[in-house]
Structure formats: structure tokens, C-alpha cells
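Comments concern the structure below.
Small disclaimer: the values here were computed from a predicted structure and weren't measured. Each ligand, and each atom within it, is numbered from 1 in the order the structure gives.
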Amino acid sequence: MKLGQLEFHVLVDGHLGLDGGAMFGVIPKPMWEKKIPADASNRITLAMNCLLVRAGGKTILVETGAGDKWDAKRRDIFALDGPHLTKRLLDYGVYPQDIDIVINTHLHFDHCGGNTRVEKDKVISAFPHARYVVQRGEFEHARRPNERDTASYFPDNYVPIQTANKLSLLEADRAIAPGVELIRVPGHTENMQCVKLSGGGKTAFFFADLVPTQAHLNLPWIMGYDLYPMTTLENKKKWIPEAVKEGWLAIFAHDAKNPAAYLRDRDGALEAEPTKVD
Ligand SMILES: [Zn+2]
């Protein structure tokens, strides 16, 4: 898809299964299972959607999926399939060494697991020429997670990047290439960032885990994983109407069916119009 000079594609790294109850917080199962059915272990299938962006002569990757540093037991717990990111990049003629910038919206394993890979027992950067961009507060939290979210943070996904001096830590919102803006949006974590892509008068907004699937467009449908659910609610009330008003294309980090949709207001009700982005 093109936005003026900027070009982007949605790449699916793979899928994972997370507990449906945890994904929908306070929403009762009879309501959420109509939108996304659960398996025998109560897991729902989520995609790990990444973006390949070409802007201002830079090749940029947003998110890197879960990666391949997994043992069989944990692959099974999360029903992981993938990683397919390298193959999907090749579909567009992009090799790992071609990536200039990697953006992680936050450092949970399903967003940055492909940052690194193992070579001869050493964990190294999977994109050897890339700078990795994350909010400083997110990185600091990832170095010292709390008892509740420590299971989401795997140091091998980001510490080797810092050690290799390839990490750029942001203190605030920042444009990192023409038409590519990173916007700090707390709620899911304190320092998650969303990605706004614009060009030619058009905008696409990567909602990261603020609105992980289309089902989460409903305001109270907020993940149990969120550290600050009331802040998520505030930010949903800010960014969803903005996307409606401005006609932005919304991109959902975990929607396995429709990763992208235009959002419209139909007589006061929010309507998502899925759109194919390849
Ligand atoms: Zn997350």
C-alpha cells in the first residue's frame, strides 16, 4: 500500500494462542467467543502482524514477531507457529541486512522476539545493519519487570541489541523517517508506542496493543494483560475517534482475520470496514 512516497506492507510473522479471558479482561466469554472462538484450552488464535515500511530511502520493520529462540514446551503452551518473518521479507526482495531501522512498539516477546537469533551459541542481532528503536521507559521496565509481567519479557530479545550498541532509546514522540512517527501511548505498558505512517494526504495508524484486534475497538474490551487499563481506556477514547475523524487506516497488531480496516461512524456506532493491504 502506498501513502504518497511512503510504501508499506503487512507481514504476518506467525500466530500464537493466548487465553481468551486474558485477552478480553472483564468481558464475559459468551460475548467474546462470538467474535473469536476459543480452543479446548480456552486459547484464541492471534496473528503477529509486522510492517515493512519504505520511507525516505530507509527500509523499516515494525515489530519482529516471536522469533525462534523457543523450546518445544513453550512453543506448545503458546501454540506458536512461525517464525515466517524472514520469508515474508524475502517476498518483497528484502534480506535481513537490508533493514535500516527496527521499531518495537514495546518489548513483550510477541513483538520483539525476532530482534535476535542464535548463531554458534551466541545471541546476535537478526538485522545486522539495523538500529532498533524503543521508548527508554519501556527498555528500563523490561530490564526490571515486576512479578506480574516478568513472563512477557525475555532479555535475550533486547539485551544483546543494547550490548552491541544498536539500540536507540527515545524519551518522547519522534519522527524517525519522512512520514514515520512514533507516538508514546501508555496503557498496555507505561511506555508503549504506536506508529503513524503518513504521505500523500493519507495516514495509517498501527495501534500496537492499544487495540490488538478489531474486537477490541469496543471501549471496555481491554486486555487483562494491560498494566494500566484505565489509561488504555483514555487512550482508546482519544485515538479511535481521531482515526474515524481523519479517515485513517487502522492496523491491528494481533488480528488474524483483518489486520487493517477503515473506521467509520455510522449514526453514532463505530463500524470497521476491513481493507486488504498486501
Ligand atoms: Zn504486549
Side-chain angles (χ1 to χ4, degrees), residues 10 12-25 27 32 36 43-51 61-67 69-70 74 77-80 82-83 85 102-116 132-158 161 170 182-195 205-217 221-236 239 250-256 259:
V10 176
V12 183
D13 173 59
H15 297 86
L16 82 167
L18 293 178
D19 185 86
M23 279 303 292
F24 291 108
I27 304 305
W32 61 252
I36 309 183
R43 293 173 300 193
I44 61 170
T45 297
L46 298 161
M48 290 174 281
N49 299 321
C50 310
L51 300 179
L61 183 60
V62 179
E63 314 286 50
T64 61
K69 304 181 296 303
W70 290 84
R74 285 195 309 175
I77 289 173
F78 292 111
L80 271 183
L85 185 58
V102 172
I103 296 165
N104 295 134
T105 60
H106 61 302
L107 295 173
H108 287 165
F109 66 77
D110 51 327
H111 295 257
C112 69
N115 279 4
T116 56
Y132 290 69
V133 184
V134 68
Q135 292 286 323
R136 179 180 295 279
E138 175 67 18
F139 180 73
E140 283 172 359
H141 182 80
R143 295 304 311 272
R144 279 181 296 279
N146 59 52
E147 291 83 353
R148 187 166 176 270
D149 67 4
T150 193
S152 300
Y153 287 105
F154 302 170
D156 268 354
N157 293 336
Y158 41 83
I161 303 294
L170 304 186
L182 304 180
I183 300 170
R184 181 178 161 269
V185 180
H188 179 61
T189 69
E190 197 177 346
N191 290 283
M192 190 186 76
Q193 56 188 355
C194 292
V195 185
F205 193 75
F206 187 77
F207 273 90
D209 278 352
L210 178 67
V211 185
T213 74
Q214 277 195 43
H216 292 85
L217 285 167
W221 295 48
I222 290 172
M223 287 192 277
Y225 298 110
D226 286 17
L227 291 187
Y228 308 98
M230 293 309 290
T231 311
T232 298
L233 179 61
E234 255 170 59
N235 271 316
K236 287 175 81 170
W239 291 102
I251 305 169
F252 310 104
H254 291 300
D255 201 303

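- The side-chain heavy atoms of Phe252 and His216, taken from C-beta on, include no pair separated by under 4.5 Å.
- Shown here are the protein N/O/S atoms lying under 2.8 Å from the Zn ion (ligand 1), water excluded: His106 NE2, His108 ND1, His188 NE2, Asp209 OD2.
- For the atom pair CD of Gln193 and CD1 of Ile103, the computed distance is 7.0 Å after rounding to the nearest 0.5 Å.
- Taking the six-membered ring where the residue is Trp, His111 and His106 present tilted rings, their angle falling between 30° and 60°.
- Using cut-offs of 30° and 60° on the angle between ring planes, the pair Phe24 and Trp32 is parallel.
- The aromatic rings of Phe78 and Phe109 lie tilted to each other, with the angle between the two planes from 30° to 60°.
- The shortest non-hydrogen separation linking Gly113 to Lys69 is O-NZ, 2.7 Å.
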